[in-house]
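Take a look at the structure below.
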Protein chains: 2
Amino acid sequence: MAIHYPNGKAYEQGRQTEDAAVNYGSRGMTLEAELNASNQYYRAAKRAVIYKKPTPIQIVKVDYPQRSQAVIKEAYFKTPSTTDYNGVYQGYYVDFDAKETKNKASFPLKNFHPHQVAHLNACLAQGGICFALIRFVTLKRLFVYPVSALNHWWEASLQNGRKSIPLKAIEQAGFELHPQLQPLIPYLDGVDWLIETKRGTYHA
Amino acid sequence: MAIHYPNGKAYEQGRQTEDAAVNYGSRGMTLEAELNASNQYYRAAKRAVIYKKPTPIQIVKVDYPQRSQAVIKEAYFKTPSTTDYNGVYQGYYVDFDAKETKNKASFPLKNFHPHQVAHLNACLAQGGICFALIRFVTLKRLFVYPVSALNHWWEASLQNGRKSIPLKAIEQAGFELHPQLQPLIPYLDGVDWLIETKRGTYHA
């Protein structure tokens, strides 16, 4: 199902790609650009203060052709220690990562790094609102999926269980987002739902 | 006054500098290395989950000599939009920046960028615990200084008031930290004090 904007353009055509200053790979950039725009909207509307963290870089060589500006001449991408997005919303600490798949029936767990899942759980234990934002690209469906639900499948996969989360399970334990104009990705709707229904269920 | 560690070394000698992977300037690096170690301690002890954000980089040119690893060949440091440190502690969102001065009588406000002060206030308005960690290097004194107090001097300086915060004012409105072995910078003591005394005083 195509979601149509008031201007008649299909949702897919409306995706932003030009906004990404750091564009060193196609994987996930579209989702990132949409989230950056959504974060900007939420900040401007004073709804929340949430940013994407910069990509961690290991700098090896820097030149100083002028006093005023250093030029990095050799550097490498590092594996992030944490998730990509965090910030504050109505007194709550919010932490999430955004992932997408072209699969239609399930979400492959290999999209998560072990340290990201560990980080989400550490934040959850401190009382944060922690989730994965999962997009099924082909299906054009988008979910806020709580880390408490992710844990179930993650731990099973470590014990030779299945290596993906069925879409049905994400539908049941997650909150579906419906893209709109402002913000493009209204993920605070999912955060509200997490606060109302899931807060404090870490040990449940 | 020199603070002595159990091994008899003065505090100053105990500072970590080798830990900083990204070492492209001396300014503030010592404080940064101490904070990284402190954050690591707090995370390991499950007291809080707080990280320094990576330095934002504008990437211009990337080579791919091998499939496995990209090499950044041209990039520039960007001005950060936010503060350097954030995370979660006992359900609270914590956000701060760390600054130091060699001055003995006051802290120069030029150490803060306008967007950093704006960011701290935006987070404060969302119910976050927001402060500046200020070190007087020569005096070997370290304070957690609430953004609500910083605002007073910041706004005055914009109206042709003095361009620095007197040490006496920081002593009065701040919380002095006493460096120790674990963590090196026990800034959560100051966060506890902010929670007990300052929480919700944004509009006061």
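All values derive from a computational prediction rather than experimental measurement. Chain naming here is simple, since letters A, B, ... match the order of the sequence lines and numbering starts at 1 in each.
Side-chain contact between B:Ile72 and A:Phe77 is present, with at least one heavy-atom pair separated by less than 4.5 Å. Looking only at side-chain heavy atoms (C-beta outward), B:Thr55 and A:Ile59 stay at 4.5 Å or farther from each other. With contacts defined as side-chain heavy-atom distances shorter than 4.5 Å, the pair A:His119/B:Tyr51 qualifies.
Minimum interatomic distance between B:Pro54 and A:Pro56 (heavy atoms only, all atoms of both residues): CB-CA, 3.7 Å. When every heavy atom of B:Ala48 is checked against every heavy atom of A:Gln126, the shortest pair comes out as N-NE2, 3.5 Å.
Put simply, OH on A:Tyr76 and CD on B:Gln69 are 6.0 Å apart, with the number rounded to the nearest 0.5 Å. How far CG of A:Asn39 is from OG of B:Ser81: 11.5 Å, rounded to the nearest 0.5 Å. To the nearest 0.5 Å, the span separating NZ on B:Lys73 from CD on A:Glu74 amounts to 6.0 Å. The OG1 atom of B:Thr82 sits 12.0 Å away from the NZ atom of A:Lys52 when rounded to the nearest 0.5 Å.
Only the backbone of A:Arg47 comes within contact range of chain B, with heavy atoms under 4.5 Å apart. If you measure heavy-atom distances from B:Gln90 to chain A, the contacts under 4.5 Å come from both the backbone and the side chain. Only the backbone of B:Lys46 comes within contact range of chain A, with heavy atoms under 4.5 Å apart.
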Exercise. Please walk me through it: do A:Asn86 and B:Asn86 pass side-chain contact (heavy atoms from CB on, under 4.5 Å)?
Worked result: CA-CA 9 Å; A:Asn86 78 351; B:Asn86 77 352; 3.0 Å; yes
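Atom NZ of B:Lys163 sits in a crowded spot, with more than 12 heavy atoms from other residues, nucleotides or ligands closer than 6.0 Å.
Test A:Val49, A:Asp95, A:Val88 against B:Tyr93 for side-chain contact (heavy atoms from CB on, under 4.5 Å) and you get one pass: A:Val88.
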